[in-house]
Amino acid sequence: MRTKKPSLRPLWPPIGSGLLLTVMEVIHRYMSASCFLIFLLLLLQLSHSSVDGFSKVRGVNLGGWLVVEGWIKPSLFDGIPNSDMLDGTQVQLKSVLLQKYVSAADGGGGKVTVDRDVASAWETFTLWRVSQGQFQFRCFGGQFLTSNSGGSISATVHYPAMNETFFIERNDTKIHIKLSNGSYVKATVNNELDVNYQGEPGWDNNEATFEMMIVANNIHGDFQLANGYGQDKAKEVLMVHRSTFITAEDFDFLSQHGINTVRIPVGWWIAYDPDPPAPFIGGSLEALDRAFLWAKTYKLKCIIDLHAAPGSQNGMEHSASRDGSIDWPTSDYISQTLNVIDFLAARYANHSTLLGIELLNEPSAAAVPLDVLVSYYARGYEIVRNYSSTAYVIMCQRIGNADPMELYKANIGSSNIVVDLHYYNLFDPYFDNMDATDNIQFIHEKRVPQLQALNSENGPLVFIGEWVNEWNVANASQAQYQMFGTAQLEAYDEASFGWSYWTLKNARIHWDFEWNIKNQYVLFGSSSINKPSSVLFLSMTSAATLLYYMV
């Protein structure tokens, strides 16, 4: 049986008055078509802008690994005794006999009384944990409860020691507070607090028994973990965590799914490895070294992000704050932080996988003055430049009420400077009542114009260093999550430096990049970087149609 040859007519229709194309016309049109396709390919290449030869960052954060965040992996804290009484826990104490709250008048600085019917700031104390059963009580103003030589309790000491350390005996919500000499704290009929209780108190309505209400127990970071377990057990827990939470297989997974960069949060104590100051646990430097080797193997770049600075730059658990205080903006802590940057730059500047160093994550706008931050960033820039002329120096905008433009107006450095913005449709009442459509429109109508305006400035590159495919939309469908994720991916591709998802692994599944990819809630994969944008795709479709009629 003879095979019929395919007709050429659909590709090469008659021209003019039914005349067939001549050979020269065919060649000419082939050349025109080829040139046009080459132009489209060049256009496609140009649509993926690069940063000094490196494709834009499509990154993922390795959050909760070398800087602990309990909400990312709550099970890390499961074995801590009295885990509801970690450093930073806020408590209120009520005398069961008087039915009055213990109060440090004016927030501290003087006498302590037991005379308040309603508890507020002056009646709220923050725990500093000394051991499983020993605690110190910090007042609203920063002073600590102390036992005076005369037997009374006041709130007058700023740096706690033995006289400010109390044993707590618990019976459900009831407690006894005991001094190291065996004396118990009691509430007197004169509404005072002293340490003259005689004998062993029971759990009935006596002077030495108090009701303890836990107001907040929200800080679960490196300090709470290490101080909660104690050095030996904490070292054991963190050794397992650091060797299993992130592995070489995770870098392989990322490289196969379109990711080219990892942003790695580290704490300031990494510069003192293997024996950092108590209570912090060594070993994070060894883990960071492994990450750089894995990145080299799987052709990823690394951004080292100083997530936790000495003294805490924002009072949150991810800055390793002990009790929510923000003490970083002092000359001593800033000098110590610069030493950490020097250590990191010296160690990794010549490593082929280093892309950049982020000088500080999420400084608080309320507590960190702009001039102090700009000065720190400028000095940090110079330190990095002492070791590398090409590594990107990344500056995070202040969180809270701060305009990212404030860093564009600062003269911090002359080359390879990046400003890091964190975009979440969360953490602000503004987003509370938005539905899925509102959230997606916000991305297009607010985020994109801001990025375009910042890109047009003659200043630093723009980096969306944290974003997540989560929102305050109840019972959202998979399709709605996909649309929200796609809207963010398209919007944040506008950033001149790129973006980085928060985070690779998380107990909350929609924050978990790996889960989102495997379950197709975020439609981003190994071929995403080579896919044209929707606008470019439409352009190419139109061009192909035009090409058909040209030839």
With a cut-off of 3.5 Å and sequence neighbours excluded, list every side-chain donor-acceptor pair involving residues 207-217.
from, atom 1, to, atom 2, distance (Å)
Thr209, OG1, His176, NE2, 3.1
Thr209, OG1, Gly202, O, 3.1
Thr209, OG1, Asn206, OD1, 2.9
Thr209, OG1, Asn206, ND2, 3.1
Glu211, OE2, Thr173, OG1, 2.4
Asn217, OD1, Thr89, OG1, 3.1

Glu466 meets the salt bridge (charged side-chain N to carboxylate O under 4.0 Å, His left out) criterion, sequence neighbours left out, with Arg263

Residues passing the salt bridge (charged side-chain N to carboxylate O under 4.0 Å, His left out) test with Glu382, sequence neighbours excluded, are none

Step through the shown structure and confirm whether more than 12 heavy atoms of other residues, nucleotides or ligands are within 6.0 Å of [atom1] on [X].
X	atom1	answer
Asn401	CG	no
Asp232	CG	no
Lys235	NZ	no
Arg242	CZ	yes
Lys409	NZ	no
Asn433	CG	no
Phe140	CZ	no
Phe427	CZ	yes

_Please determine whether side chain to side chain contact (heavy atoms under 4.5 Å, CB included) holds for the pair Tyr430 and Phe442, giving the CA-CA distance in whole Å, both sets of side-chain angles, and the decisive distance to 0.1 Å._
CA-CA 11 Å; Tyr430 182 85; Phe442 181 86; 3.5 Å; yes

Does either side chain, that of [X] or that of [Y], offer a donor lying less than 3.5 Å from an acceptor on the other one?
X	Y	answer
Glu69	His220	no
Thr188	Asn190	no
His318	Glu362	yes
Arg290	Thr247	no
Asn425	Arg447	yes
Ser325	Asp327	no

[atom1]/[X] to [atom2]/[Y] distance, rounded to the nearest 0.5 angstrom?
X	Y	atom1	atom2	answer
Leu179	Ile153	CG	CD1	6.0 Å
Cys302	Leu62	SG	CG	8.0 Å
Trp65	Lys73	CH2	NZ	12.5 Å
Ser388	Leu354	OG	CG	7.0 Å
Ile177	Ile168	CD1	CD1	6.0 Å
Ile270	Arg347	CD1	CZ	8.0 Å

State, to 0.1 Å, how close [X] and [Y] come at their nearest heavy-atom pair, and which atoms those are.
X	Y	answer
Val473	Met434	CG2-O, 3.7 Å
Val130	Thr165	CG2-CG2, 4.1 Å
Pro160	Phe144	CD-CE1, 3.5 Å
Cys139	Phe125	SG-CE2, 3.8 Å
Trp203	Arg170	CH2-C, 4.0 Å
Ser284	Leu66	O-CD1, 3.8 Å

Partners of [X] by side chain to side chain contact (heavy atoms under 4.5 Å, CB included), sequence neighbours excluded?
X	value
Lys178	Phe167, Glu169, Tyr184
Ser131	Gln134
Thr124	Gln90, Gln92
Thr146	Asn148, Ser154, Thr156, Val157, Asn163, Glu164

Report task. Quick one: do Ser183 and Asn181 satisfy side-chain hydrogen bond (donor to acceptor under 3.5 Å, both in side chains)? Show the steps, please. Result -> CA-CA 6 Å; Ser183 300; Asn181 64 10; 3.2 Å; yes

Original post:
Can you tell me if Arg398 uses its side chain to pair, donor with acceptor, with the backbone of Ala402 under 3.5 Å?
Top reply: no

Open item on the list: Is it the case that the side chain of Tyr197 and the backbone of Ala187 share a donor-acceptor pair, with hydrogens and angles ignored and the cut-off at 3.5 Å?
Closed with: no

Please list every donor-acceptor pair under 3.5 Å in which a side-chain atom of residues 105-114 meets a protein atom from a residue at least two apart or in another chain.
from, atom 1, to, atom 2, distance (Å)
Thr113, OG1, Asp115, OD1, 2.8
Thr113, OG1, Asp115, OD2, 3.4

Residues passing the side-chain hydrogen bond (donor to acceptor under 3.5 Å, both in side chains) test with Arg129, sequence neighbours excluded, are none

Sorted by chain and residue number, the ring pair (Phe, Tyr, Trp, His ring centres under 6.0 Å) partners of Tyr423 (sequence neighbours excluded) come out as Tyr492

Let me have the donor-acceptor pairs involving side chains of residues 501-511, under 3.5 Å, with sequence neighbours excluded, atom names and distances please.
from, atom 1, to, atom 2, distance (Å)
Tyr501, OH, Asn469, N, 3.2
Tyr501, OH, His510, O, 2.8
Tyr501, OH, Asn516, ND2, 3.4
Thr503, OG1, Asn61, O, 2.8
Thr503, OG1, Gly63, N, 2.7
Lys505, NZ, Phe245, O, 2.7
Lys505, NZ, Asp250, OD1, 3.1
Lys505, NZ, Asp250, OD2, 3.1
Asn506, OD1, Arg508, N, 2.9

Task: Pair Asn314-Ser319, side-chain hydrogen bond (donor to acceptor under 3.5 Å, both in side chains): steps then yes or no - done: CA-CA 7 Å; Asn314 56 34; Ser319 65; 2.8 Å; yes

Under the side chain to side chain contact (heavy atoms under 4.5 Å, CB included) rule, what do Leu306 and Glu358 come out as? Steps first, then yes or no, please. CA-CA 6 Å; Leu306 184 58; Glu358 185 152 359; over 6 Å; no

side-chain hydrogen bond (donor to acceptor under 3.5 Å, both in side chains) pairs touching residues 334-344, sequence neighbours excluded, are Trp328-Thr337, Asp342-Tyr387

What class does the angle between the rings of His351 and Tyr348 fall in, given that below 30° is parallel, 30 to 60° is tilted and above 60° is perpendicular?
tilted

Should Leu360 and Ile341 count as side-chain neighbours, where that means a heavy-atom distance under 4.5 Å?
-> no

